Enquirer: 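Here it is, the structure in full.
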Amino acid sequence: MLDKTYRPAEVEREIYGAWERSGAFACRSDSSATPYTIMMPPPNVTGSLHIGHALNFTLQDILIRYHRMRGFDALWQPGTDHAGIATQMMVERQLELEQSNRHKLGRDAFVERVWRWKAESGGAITRQLRALGASADWSRERFTMDEGLSAAVRKVFVELYKQRLIYRDKRLVNWDPKLHTGISDLEVENHETKGSLWYFKYPIDGETGAFIIVATTRPETMLGDTGVAVHPEDERYQQLIGRHVILPLVGRRIPIVADTYADPATGSGAVKITPAHDFNDFEVGRRHELPLVNVFDADAKLNDEVPAAYRGLDRFVARKQIVADMEALGLVEKIEPHTLMVPHGDRSGAVLEPRLTDQWYCNAAELAKAAIAAVETGRTVFVPKNWENTFFEWMRNIQPWNISRQLWWGHQIPAWYGPDGTIFVEESEEQALASAAAHYGKPVGLVRDPDVLDTWFSSALWPFSTLGWPDPTRELRRYYPTDVLVTGFDIIFFWVARMMMMGCKFMDDVPFRTVYIHALVRDERGQKMSKTKGNVIDPLELIERFGADALRFTLTALAAQGRDIKLAASRVEGYRNFITKLWNAARYAQMNGCTLVADFDPSGCKVMVNRWIVGAIAETNTRVAQAIDEYKFNEAARVLYQFIWGTFCDWYLEFTKPILSGSDEGMKAETRATTAWVLGETVHLLHPIAPFVTEELWKHFAGRDMLIAARWPSYEAALLDPDAMAEMNGVVALISAIRTARSEMNVPAASEIAAVHAVGAASAARIARHQEQIRRLARLKDLAPVAAAKLPALTGKSVQVLVEGGTVFLDVADTIDLAKERVRLIKEAAAVDAEIEKIAGKLENQQFITRAKPEVVEEQRERLDDARAAAERLRTAISRIGAS
RNA sequence: GGGCACGUAGCUCAGCGGGAGAGCACUUCCUUGACAUGGAAGGGGUCGCAAGUUCAAUCCUUGCCGUGCCCACCA
């Protein structure tokens, strides 16, 4: 017997273990089934499960479980990402606690230390994924720094280098002074910051008391100024073009140049040019051959290029000092408040500095061409489709991708330098040495490039490197291209676009047919969750409190396309109640001896309610399947919720109670079998979303093969029974109408009252067939047919209920307020009259008759007839009150 | 500045050319043997505003107002 309440914590671990042991998660690469593949976006090895992961992995698990049940050879390829910067930072923090640092350790020992950390603590995230119920093929788990994946990285790097799609370049890069590494444009986060705009006076060379005014938001960079630019057509400055200024504090003589970059309408119209510390200035400097004066060191402290007074100062300290010194010299014209966008590193949060360095770049614009074409031609589609715009927008304006990082943890760049600086890019040191020997005509020593690759470089290869590429494995042939990628919009550029580029380049085909972009999970007020705000909702805590199924169902129910999810614990609680409801329904069925009957044929049901529920589950199946096929996860959840709670529990189980407690053994047997069968089907349909509770229930009912390995039900169309549907809907409407009347007339729910009805033949037959159910659910002592003319007189102790095809007359024990009853009926009549007027108006419109679709016109006619009949009955009822 | 969304019941959101929906919250009633993590009933909305298209607009188009996000840039 099932426990009174479902305790998820107790069963989930056990069930997960059973699934894993059964081998149900594993793909079957030797089977003849059609493959269905999802590449799991590898979470950072340092990560722990956050609510965004929970959504992401729940949706993938739904797709995988659903397709597995549909008979596909489902592969959900899991793994983790080495997350260069994040992981290195984490281990460095540990070293800090030990009063050590990576430099004391040395590179090899440090990398060794990171590997040790990974071995000891790197599995947290995958354990948490298991707690969520993720049915990934753990036997195929990969790590982006596994030997195989690293070999793929080296091969791709070497091939792109040889095709000149990877190259080394010296240009300004976004430099993180805290992490001491360059990063890519994508890793820059601009934050609006309140600052100032300082107007400085630069003295004109050769004149006294003549100045040109430049405005700046970053005074500290003036030490690196090597020019001043004005617009060539700016009349104010015509006579100054070609002349020079003496850079204050430094004393350097720098030219005034004409360049269209200077905007006459901005600031003073003249702009100071610091080519080594500003991306725009760099270009201007290049056009006018201005020298680059780098004034910062790697920490963004002022270096020896600046006057002694400023050397070694932090850039922000220097800013204050410079402003003070300029003011002392009387060279500050004015200071205006100014808000500007300041670039920060997405990992360190440090304010970035543009810095001139040698870095490795990837020609993304070239690689993007095939990826763009693939989306244009629909070989890969985005769901929702509007994300394609975002993809195109970025891909069509893509900049060179800085792929080198000045870190120690990651894939070290396979490039070696000879004594004269010649670069040898090879897949191994041996090959590099051989190439060098051939190049120099003798063996030479080489120095390897110390940099590592951007983490996203290796994850870009994930869809094929995990399948064994570059070896032509069976898995690679079978599972590539994958079916769908499920991810958040925040990594379209970081990851999706790059996988597209690399897949098209090295596999000659897209990495996935569909990209499903899901929402962002926010807190209940719509704020982005963050540790600093303290509004983080921990999925593991929710799993502990409510169970994994409740969390999964909640996220699924809220996962509407194109809208962010606002999550609150109370919502999870609500869906936990839903899980409990299902559990109790099953418990009830079990208590009533409802057991699965081996040769049960649902299409052979004779009892109307059974035919009805069987048809309803068939319809539910179709709707759930369609919703999942269309990635409308919220729709699938809604349909199931409504069926289980609103149809099966609220009505079917109530309808069948008289049968189960009755004496007709045939009906009883059929009903028990049907109840068990419907429950069995229900847990199948719900399993992808709520795998644990359904598996547990299935165990109790079927006691044999696990649900995870079961087939998705398919039914004959004949199971849908429109007659049963119409009949039971009518009964439901009748009961609801009586209940409403009782409630409004304050008839106590406990009191059984007598009723008679005067309705048409069809409705009368229906009432007769479901007499017992109606009496039970509407709490009637009796419900007898009577001729319309012989309806009892209103005594002040009765209520009239208008139903389809007639009137039900309720005999109320206590006196009711006739005036109130009259008001009730008049209110109802007014609503019906309004509807009649609306529909009649429509039908009188000749344009409507001729131009609307015939079935629409017919539908409106029927509605009008119904409304008129209802109005007629209401009028009769009202007049009967008036007469009494 | 460019782009993408979103404004529907108190809240969170579905729906999307012909009858305004759900969950939660709220009010009233109910310890009826599956379930109080429950049952029954109810109140509550000019579907942001304005034009247009249409026989018909919450739904399509345009504009406006408001909100959010992404990208770029502002010396």
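As the structure is a computational prediction, the values presented were derived from the model and not from experiment. Below, chains carry the letters A, B, ... as their sequence lines are ordered, and counting in each starts from 1.
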Enquirer: Quick one: label A/Arg742 by what it contacts on the DNA or RNA (base, sugar-phosphate, nothing), any heavy atom closer than 4.0 Å.
Expert: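 Nothing, no nucleic acid heavy atom in range.
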
Enquirer: Specify the residue among A/Ile735 and A/Tyr6 whose closest nucleotide of RNA chain B lies further upstream toward the 5′ end.
Expert: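 Nearest-nucleotide comparison on RNA chain B picks A/Tyr6.
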
Enquirer: What is the separation between atom CZ on A/Phe848 and atom P on B/rU54, rounded to the nearest whole Å?
Expert: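 After rounding, the reported distance stands at 17 Å.
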
Enquirer: Select one nucleotide: of B/rC35, B/rA14, B/rG33, the one nearest the side-chain heavy atoms of A/Met591.
Expert: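 Among the listed nucleotides, the one closest to the side chain of A/Met591 is B/rG33.
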
Enquirer: Could you give the distance separating B/rU46 and B/rG7 at their C1' atoms, to the nearest angstrom?
Expert: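 After rounding to an integer number of Å, I get 16 Å for this pair.
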
Enquirer: B/rC35 C1' sits how many Å from A/Leu679 CG, rounded?
Expert: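 Whole-Å distance recorded here is 14 Å.
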
Enquirer: For A/Ile644 and B/rA22, give me the distance from atom CD1 to atom P, rounded to whole Å.
Expert: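 Checked: the CD1 to P distance equals 19 Å.
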
Enquirer: Let's test this: given Watson-Crick or G-U wobble pairing with both distances under 3.5 Å, identify the partner of B/rG52.
Expert: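 Its partner is B/rC60 (Watson-Crick or G-U wobble, both distances under 3.5 Å).
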
Enquirer: Rounding to a whole Å, what distance do you find between A/Ile839:CD1 and B/rG19:C1'?
Expert: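 It is 7 Å, rounded to the nearest whole Å.
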
Enquirer: Using a heavy-atom cut-off of 4.0 Å across all strands, would you classify A/Thr217 as base, sugar-phosphate, or nothing?
Expert: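 Since only primed, P, OP1 and OP2 atoms lie under 4.0 Å of A/Thr217, the category is sugar-phosphate.
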
Enquirer: How many Å lie between CG on A/Asn190 and P on B/rC69, as a whole number?
Expert: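 Distance, rounded to whole Å: 15 Å.
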
Enquirer: Taking the C1' atom of each, how far is B/rA5 from B/rC73, in whole Å?
Expert: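 Roughly 23 Å separates the two C1' atoms.
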
Enquirer: Name the nucleic acid region contacted by A/Asn280, choosing base, sugar-phosphate or nothing; use a 4.0 angstrom heavy-atom cut-off, strictly under.
Expert: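 A/Asn280: backbone/sugar contact only, no base atoms under 4.0 Å.
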
Enquirer: Is the phosphate of B/rA34, meaning OP1 or OP2, less than 4.0 Å from a side-chain N or O of A/Arg587?
Expert: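 Looking at the OP1 and OP2 atoms of B/rA34, neither is under 4.0 Å from any side-chain N or O of A/Arg587.
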
Enquirer: Taking only the C1' atom of each, what is the distance from B/rG38 to B/rA57 in whole angstrom?
Expert: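 One C1' to the other, the span is 42 Å.
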
Enquirer: How is A/Ala852 classified with respect to the nucleic acid when contacts are heavy atoms under 4.0 Å: base, sugar-phosphate, or nothing?
Expert: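 Base, at least one base heavy atom under 4.0 Å.
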
Enquirer: What is the base-pairing partner of B/rG1, counting Watson-Crick and G-U wobble geometry with both distances under 3.5 Å?
Expert: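 Base partner found: B/rC71.
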
Enquirer: Would you call A/Arg638 and A/Glu635 a salt bridge, taking side-chain N to carboxylate O under 4.0 Å as the test?
Expert: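 Judged by the 4.0 Å cut-off on N to carboxylate O distance, A/Arg638 and A/Glu635 do form a salt bridge.
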
Enquirer: Ignoring hydrogens and geometry beyond distance, is the side chain of A/Gln399 in donor-acceptor contact with the base of B/rA72 at under 3.5 Å?
Expert: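 There is none.
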
Enquirer: Looking at B/rC73, B/rG19, B/rG42, which one has an atom nearest to any side-chain atom of A/Thr740?
Expert: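 The answer is B/rG42.
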
Enquirer: Could you please name the option among B/rC4, B/rG39, B/rA41 that lies closest to any side-chain atom of A/Arg739?
Expert: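 The answer is B/rA41, which lies nearest to the side chain.
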
Enquirer: With respect to the phosphate group of B/rA34, does any side-chain polar atom (N or O) of A/Lys657 fall under 4.0 Å of OP1 or OP2?
Expert: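 Result: yes.
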
Enquirer: Determine the interatomic distance between P on B/rG18 and the same-named atom on B/rG10; round to the nearest Å.
Expert: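 Here B/rG18 and B/rG10 have their P atoms 24 Å from each other.
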
Enquirer: Mind checking A/Glu635 for me? I need base, sugar-phosphate or nothing, with any heavy atom below 4.0 Å counting as a touch.
Expert: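 The answer is nothing, as A/Glu635 stays clear of every strand by at least 4.0 Å.
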
Enquirer: Assess whether salt bridge (Lys or Arg N to Asp or Glu O under 4.0 Å) is satisfied between A/Glu772 and A/Arg775, documenting all intermediate values.
Expert: CA-CA 5 Å; A/Glu772 210 170 344; A/Arg775 280 203 289 115; 5.5 Å; no

Enquirer: Under the criterion salt bridge (Lys or Arg N to Asp or Glu O under 4.0 Å), I'd like the reasoning laid out for A/Glu835 against A/Lys838: C-alpha separation, chi angles, the key distance, then a yes or no.
Expert: CA-CA 5 Å; A/Glu835 201 184 345; A/Lys838 196 171 156 192; over 6 Å; no

Enquirer: Whole Å only: how far is the CZ atom of A/Phe391 from the P atom of B/rC69?
Expert: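 In whole Å, B/rC69 P and A/Phe391 CZ are 25 Å from each other.
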
Enquirer: Is A/Glu855 salt-bridged to A/Lys853, cutoff N-O under 4.0 Å?
Expert: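 Salt bridge: no.
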
Enquirer: Strictly below 4.0 Å, N to O, side chains only: are A/Glu220 and A/Arg319 in salt-bridge contact?
Expert: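 Salt bridge: yes.
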
Enquirer: What nucleotide, of B/rA34, B/rU12, B/rA14, holds the atom closest to the side chain of A/Lys581?
Expert: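 Out of B/rA34, B/rU12, B/rA14, the nucleotide with an atom closest to A/Lys581's side chain is B/rA34.
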
Enquirer: Contact class for A/Ala262 (heavy atom, under 4.0 Å): base, sugar-phosphate, or nothing?
Expert: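 Base, at least one base heavy atom under 4.0 Å.
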
Enquirer: Rounding to an integer number of Å, can you tell me how far A/Trp387 CH2 sits from B/rC70 P?
Expert: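 Atom-to-atom, A/Trp387 to B/rC70, this comes out as 10 Å.
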
Enquirer: Going by purine N1 to pyrimidine N3 plus the second Watson-Crick contact, or the G-U wobble pair, all under 3.5 Å, which nucleotide sits opposite B/rC16?
Expert: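 In the structure as shown, B/rC16 has no Watson-Crick or wobble partner.
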
Enquirer: Could you check A/Val856 against A/Asn389 and say which one's nearest nucleotide on RNA chain B is further toward the 5' end?
Expert: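 Going by which nucleotide is closer to the 5' end, it is A/Asn389.
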
Enquirer: When you check the phosphate oxygens OP1 and OP2 of B/rC24, does a side-chain N or O of A/Lys566 lie under 4.0 Å from one of them?
Expert: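 Negative; the distance criterion is not met.
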
Enquirer: Does NZ or CZ of A/Lys581 fall inside the cone over A/Phe648's six-membered ring, less than 6.0 Å from its centre and within 45° of the axis?
Expert: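 Negative - A/Lys581 is either too far from the ring of A/Phe648 or too far off its axis.
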
Enquirer: Is the phosphate of B/rG19 approached by A/Arg863 (side-chain N or O, under 4.0 Å from OP1 or OP2)?
Expert: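 So the side-chain polar atoms of A/Arg863 do come within 4.0 Å of the phosphate oxygens OP1 or OP2 of B/rG19, strictly under.
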
Enquirer: Where the side chain of A/Asn577 is concerned, which of B/rU37, B/rA5, B/rG18 is the nearest nucleotide?
Expert: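 My answer, after comparing the listed nucleotides, is B/rU37.
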
Enquirer: Base, sugar-phosphate, or nothing for A/Glu336, non-hydrogen atoms under 4.0 angstrom?
Expert: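 Result for A/Glu336 = nothing.
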
Enquirer: Please tell me which of the listed nucleotides, B/rC74, B/rC55, B/rU37, lies nearest to the side chain of A/Gln847?
Expert: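 Comparing B/rC74, B/rC55, B/rU37 against the side chain of A/Gln847, the answer is B/rC55.
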
Enquirer: Taking the minimum atom-to-atom distance to the side chain of A/Ser743, which one of B/rC55, B/rA34, B/rA41 wins?
Expert: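 Among the listed nucleotides, the one closest to the side chain of A/Ser743 is B/rA41.
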
Enquirer: Counting side-chain heavy atoms from CB outward, which of B/rC74, B/rU37, B/rC69 is closest to A/Phe489?
Expert: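 Output: B/rC69.
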
Enquirer: Can a side-chain donor-acceptor contact be found between A/Glu187 and A/Ser184 if the only test is distance below 3.5 angstrom?
Expert: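 Per modelled atom types, A/Ser184 and A/Glu187 side chains form a pair under 3.5 Å.
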
Enquirer: Whole angstrom is fine here: how far is it from CZ in A/Phe382 over to C1' in B/rC70?
Expert: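 Result: 14 Å.
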
Enquirer: Watson-Crick or G-U wobble partner for B/rU46, using a 3.5 Å limit on both distances?
Expert: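 Check on B/rU46: unpaired, no WC or wobble geometry under 3.5 Å.
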
Enquirer: Please tell me if A/Asn584 has a side-chain N or O lying less than 4.0 Å from either OP1 or OP2 of B/rU37.
Expert: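 For A/Asn584, the contact criterion (side-chain N or O under 4.0 Å from OP1 or OP2 of B/rU37) is not met.
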
Enquirer: Give me the distance, rounded to whole Å, that separates B/rA9 from B/rA14 when you measure between the C1' atoms they each carry.
Expert: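 The same atom, C1', in both gives a distance of 13 Å.
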
Enquirer: Using the P atom as the point on both nucleotides, what is the distance between B/rU12 and B/rG48, in whole Å?
Expert: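 Straight-line distance between the two P atoms is 15 Å.
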
Enquirer: Which part of the nucleic acid, if any, lies within contact of A/Trp645, taking any heavy atom under 4.0 Å across all strands shown: a base, the sugar-phosphate backbone alone, or nothing?
Expert: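 The residue A/Trp645 makes sugar-phosphate contact but no base contact.
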
Enquirer: So if I apply the side-chain hydrogen bond (donor to acceptor under 3.5 Å, both in side chains) rule between A/Thr221 and each of A/Lys272, A/Glu353, A/His277, which one comes out positive?
Expert: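 Of the listed residues A/Lys272, A/Glu353, A/His277, the side-chain hydrogen bond (donor to acceptor under 3.5 Å, both in side chains) partner of A/Thr221 is A/Lys272.
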
Enquirer: Please measure how far the C1' atom in B/rC16 lies from the corresponding atom in B/rU61, and state the result in whole Å.
Expert: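 Result for the C1' pair: 15 Å, nearest Å.
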
Enquirer: Who is the Watson-Crick or G-U wobble partner of B/rG10, with both distances under 3.5 Å?
Expert: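 The base-pairing partner of B/rG10, which may sit in any strand shown, is B/rC24.
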
Enquirer: Determine the sole option in A/Leu551, A/Val521, A/Leu558, A/Leu567 for which the side-chain contact (heavy atoms from CB on, under 4.5 Å) test with A/Leu55 is passed.
Expert: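 That would be A/Val521; it is the only one of A/Leu551, A/Val521, A/Leu558, A/Leu567 passing the side-chain contact (heavy atoms from CB on, under 4.5 Å) with A/Leu55.
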
Enquirer: Taking atom C1' in both B/rA25 and B/rG3, compute the distance separating them and give it to the nearest angstrom.
Expert: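 So the two C1' atoms sit 38 Å from each other.
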
Enquirer: Between B/rC55, B/rG19, B/rG38, which one does the side chain of A/Glu835 approach most closely?
Expert: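 Closest nucleotide to the A/Glu835 side chain: B/rG19.
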
Enquirer: So if I take every side-chain heavy atom of A/Lys4 and compare against B/rC55, B/rA36, B/rC73, which nucleotide ends up nearest?
Expert: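 Looking only at heavy atoms from C-beta outward on A/Lys4, the closest nucleotide is B/rA36.
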
Enquirer: Going through the distances and angles, do A/Trp387 and A/Phe382 end up as a ring pair (Phe, Tyr, Trp, His ring centres under 6.0 Å)?
Expert: CA-CA 6 Å; A/Trp387 289 108; A/Phe382 281 71; 8.4 Å; no

